[in-house]
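Reckoned from all heavy atoms, side chains included, excluding hydrogens, waters and symmetry mates.
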Amino acid sequence: MQIIELTGLPSSEPLLKNSLALLLKRCVDLGASIGFVTPFSELESSHYWDSVENELNQGGRILLLATENQQVMGTVQLSLCNKKNGQHRAEVEKLMVHPDARGLGIAGKLMHQVEALAKSRGRTLLILDTLTDSLAANLYLKLGFLRVGEIPDFALSTEGELEATCVFYKQLV
C-alpha cells in the first residue's frame, strides 16, 4: 500500500475523481458520519470532490490517499487553519476507508501520515470530531487523541436523525 499526498486534484485524472466519488458514496451509503445524509447521489459526491479540489488548489487543504494497485483504498484530509492566531493548528477531516479494505490498518496508517504531514507544516495541534461511540472514536483514542467532550444533537446521521459528536485533540511534539 502506498500513501500519496495531493495538494491538488489533477484535471487530467478523471478516473481518480471518479474513484473518490464512488468511495465517498459507498461510505455514506453504509452509514459513515462524514457530513452527508442519504439518499446521496454520485452527482452530489462528485460536486463534493469539486469543492475539495478548489480548497486544495487554494492551499488550505491537503488530501492523503491510500492506494493499492492504483485503487483508492482510503483517504483523509488535513484542513490548515489560516487565521493569524491559529496557524499552529489543523483539523483532520473525512477519514474514509473502502468497506472492502477495512480491518487492514489503513485508517491508522493514514492517521500516522496525517500527523507527520501536520508536523512538517509547522502544526502542533490537531483537532477533529466524530460520532460519539463510533469505531472512529475508538480509533482516535487508540492513536493518542484526547476526548474533549460531547455535543448532543450536533449533526444528522446518514438516516437524518440527530446524533451527538465527540471532539478530540492531539498535541504534536
Asker: Any chance you could measure Lys119, atom NZ, to Thr124, atom OG1, to the nearest 0.5 Å?
Answerer: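 It is 10.5 Å, given to the nearest 0.5 Å.
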Asker: Looking at residues at least two apart in the chain, or sitting in another chain, which of them share a side chain to side chain contact (heavy atoms under 4.5 Å, CB included) with Arg61?
Answerer: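 If we apply the side chain to side chain contact (heavy atoms under 4.5 Å, CB included) test to Arg61, skipping adjacent residues, the hits are Val52, Glu55, Leu56, Gln77, Ser79, Glu93.
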Asker: Run Val72 and Leu20 through side-chain contact (heavy atoms from CB on, under 4.5 Å) and show every step you take.
Answerer: CA-CA 7 Å; Val72 177; Leu20 289 169; 4.1 Å; yes
Asker: Applying side chain to side chain contact (heavy atoms under 4.5 Å, CB included), can you list everything that pairs with Val167, at least two apart in sequence or on another chain?
Answerer: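 Listed in chain order: Asp129, Val148, Ile151.
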Asker: What pairs with Glu68 under salt bridge (Lys or Arg N to Asp or Glu O under 4.0 Å), at least two apart in sequence or on another chain?
Answerer: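 So Glu68 forms no salt bridge (Lys or Arg N to Asp or Glu O under 4.0 Å) with any residue.
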Asker: Looking at residues at least two apart in the chain, or sitting in another chain, which of them share a side chain to side chain contact (heavy atoms under 4.5 Å, CB included) with Ala116?
Answerer: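 Counting only residues at least two positions away or on another chain, Ala116 forms no side chain to side chain contact (heavy atoms under 4.5 Å, CB included).
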Asker: Taking only residues two or more places apart in sequence or in another chain, which ones pass side chain to side chain donor-acceptor pair (under 3.5 Å) with Arg121?
Answerer: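 Here the qualifying residues are Glu5.
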Asker: Give every residue pair that meets the side chain to side chain donor-acceptor pair (under 3.5 Å) criterion with at least one member in residues 136-147, sequence neighbours excluded.
Answerer: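 Those involving residues 136-147 are Arg147-Glu150.
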Asker: Has the side chain of Asn18 got a donor or acceptor atom that lies under 3.5 Å from a matching backbone atom of Pro14?
Answerer: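 No; zero donor-acceptor contacts below 3.5 Å.
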Asker: Working to the nearest 0.5 angstrom, can you tell me the gap between Leu65 CG and Leu16 CG?
Answerer: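 Here the interatomic distance stands at 6.0 Å.
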Asker: Are Leu63 and Thr75 close enough, and set up right, to give a side-chain contact (heavy atoms from CB on, under 4.5 Å), and what steps lead you there?
Answerer: CA-CA 7 Å; Leu63 175 66; Thr75 69; 4.0 Å; yes
Asker: What's the separation between atom CG in Leu22 and atom CG in Asp29, rounded to the nearest 0.5 Å?
Answerer: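 Leu22 CG to Asp29 CG: 10.5 Å, rounded to 0.5 Å.
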Asker: Going by salt bridge (Lys or Arg N to Asp or Glu O under 4.0 Å), name the pairs with one or both residues in residues 155-167, residues two or more places apart or in two chains.
Answerer: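 Applying salt bridge (Lys or Arg N to Asp or Glu O under 4.0 Å) to every pair that reaches into residues 155-167, excluding sequence neighbours, yields nothing.
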Asker: Side chains of residues 106-115: which donor-acceptor partners sit under 3.5 Å, not counting sequence neighbours?
Answerer:
| from | atom 1 | to | atom 2 | distance (Å) |
| --- | --- | --- | --- | --- |
| Glu115 | OE1 | Lys170 | NZ | 3.1 |
| Glu115 | OE2 | Lys170 | NZ | 2.9 |

Asker: Between the side chain of Ser120 and the main-chain N/O of Leu117, is any donor-acceptor distance below 3.5 Å?
Answerer: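 Here the side-chain-to-backbone pair exists.
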Asker: Please report the C-alpha distance between Leu24 and Trp49 in whole Å, then the side-chain angles of each, then the deciding distance to 0.1 Å, and finally whether the side-chain contact (heavy atoms from CB on, under 4.5 Å) criterion is met.
Answerer: CA-CA 9 Å; Leu24 175 59; Trp49 287 108; 3.7 Å; yes
Asker: Are Phe145 and Leu135 connected in the hydrophobic side-chain network, where two residues link if heavy atoms are under 4.5 Å apart?
Answerer: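 No, no single cluster joins them.
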Asker: Using side chain to side chain contact (heavy atoms under 4.5 Å, CB included) as the criterion, list what pairs up with Gln2, not counting sequence neighbours.
Answerer: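 With neighbours one apart ignored, the set is Ile4, Thr67.
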Asker: Side chains of Thr130 and Phe168: closer than 4.5 Å at any heavy-atom pair?
Answerer: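 Yes, their side chains come closer than 4.5 Å.
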Asker: Heavy atoms only: give me the nearest Leu30-Pro99 pair and the separation to one decimal.
Answerer: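 Here Leu30 and Pro99 meet closest at CD1-CG, 3.3 Å.
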Asker: Quick one: are Val92 and Ile127 in side-chain contact, heavy atoms under 4.5 Å?
Answerer: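 Val92 vs Ile127: side chains apart.
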Asker: Around atom CG of Asn85, are there more than 12 heavy atoms of other residues, nucleotides or ligands at under 6.0 Å?
Answerer: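 Yes, the 6.0 Å shell around CG holds more than 12 heavy atoms from other groups.
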Asker: Measure the shortest side-chain to side-chain distance between Tyr48 and Lys94 over non-hydrogen atoms and say whether it is less than 4.5 angstrom.
Answerer: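 Answer yes - side chains close enough.
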Asker: Between Thr165 and Leu131, is there a side-chain heavy-atom distance shorter than 4.5 Å?
Answerer: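 Of all side-chain heavy-atom pairs linking Thr165 with Leu131, none is under 4.5 Å.
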Asker: Please tabulate, one pair per line, all N/O donor-acceptor pairs under 3.5 Å involving side-chain atoms of residues 32-47, not counting sequence neighbours.
Answerer:
| from | atom 1 | to | atom 2 | distance (Å) |
| --- | --- | --- | --- | --- |
| Thr38 | OG1 | Thr158 | O | 2.8 |
| Ser41 | OG | Leu43 | N | 3.4 |
| Ser41 | OG | Glu44 | N | 3.0 |
| Ser41 | OG | Glu44 | OE1 | 3.4 |
| Glu44 | OE1 | Ser41 | N | 2.8 |
| Ser45 | OG | Ala21 | O | 2.7 |
| Ser46 | OG | Glu42 | O | 3.4 |

Asker: When clusters are formed by joining ILVMFWY residues with side-chain heavy atoms under 4.5 Å apart, either directly or through shared neighbours, do Leu172 and Leu139 land in the same one?
Answerer: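 Yes, Leu172 connects to Leu139 through the hydrophobic network.
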Asker: What pairs with Arg26 under side chain to side chain donor-acceptor pair (under 3.5 Å), at least two apart in sequence or on another chain?
Answerer: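 Testing Arg26 for side chain to side chain donor-acceptor pair (under 3.5 Å), a comparison that skips the adjacent residues, returns none.
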Asker: Enter the distance from Leu104:CG to Met73:CE here, rounded to the nearest 0.5 Å.
Answerer: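 Between Leu104 CG and Met73 CE, I get 7.0 Å after rounding to 0.5 Å.
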Asker: Sequence neighbours left out, what passes side chain to side chain donor-acceptor pair (under 3.5 Å) with Asp133? Give chain and number order.
Answerer: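 With sequence neighbours excluded, Asp133 shows a side chain to side chain donor-acceptor pair (under 3.5 Å) to no residue whatsoever.
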Asker: Would the distance check show the side chain of Arg123 and the main-chain N or O of Gln87 forming a donor-acceptor pair, the cut-off being under 3.5 Å?
Answerer: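 Checked: pair present.
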Asker: Looking at side-chain heavy atoms only, is the closest gap between Asn57 and Thr7 below 4.5 Å?
Answerer: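 Not touching, per the 4.5 Å side-chain cut-off.
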Asker: Mind listing the closest non-hydrogen atom pair of Leu80 and Gly59 along with its distance?
Answerer: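 So the two residues come closest at CD1-O, 3.9 Å.
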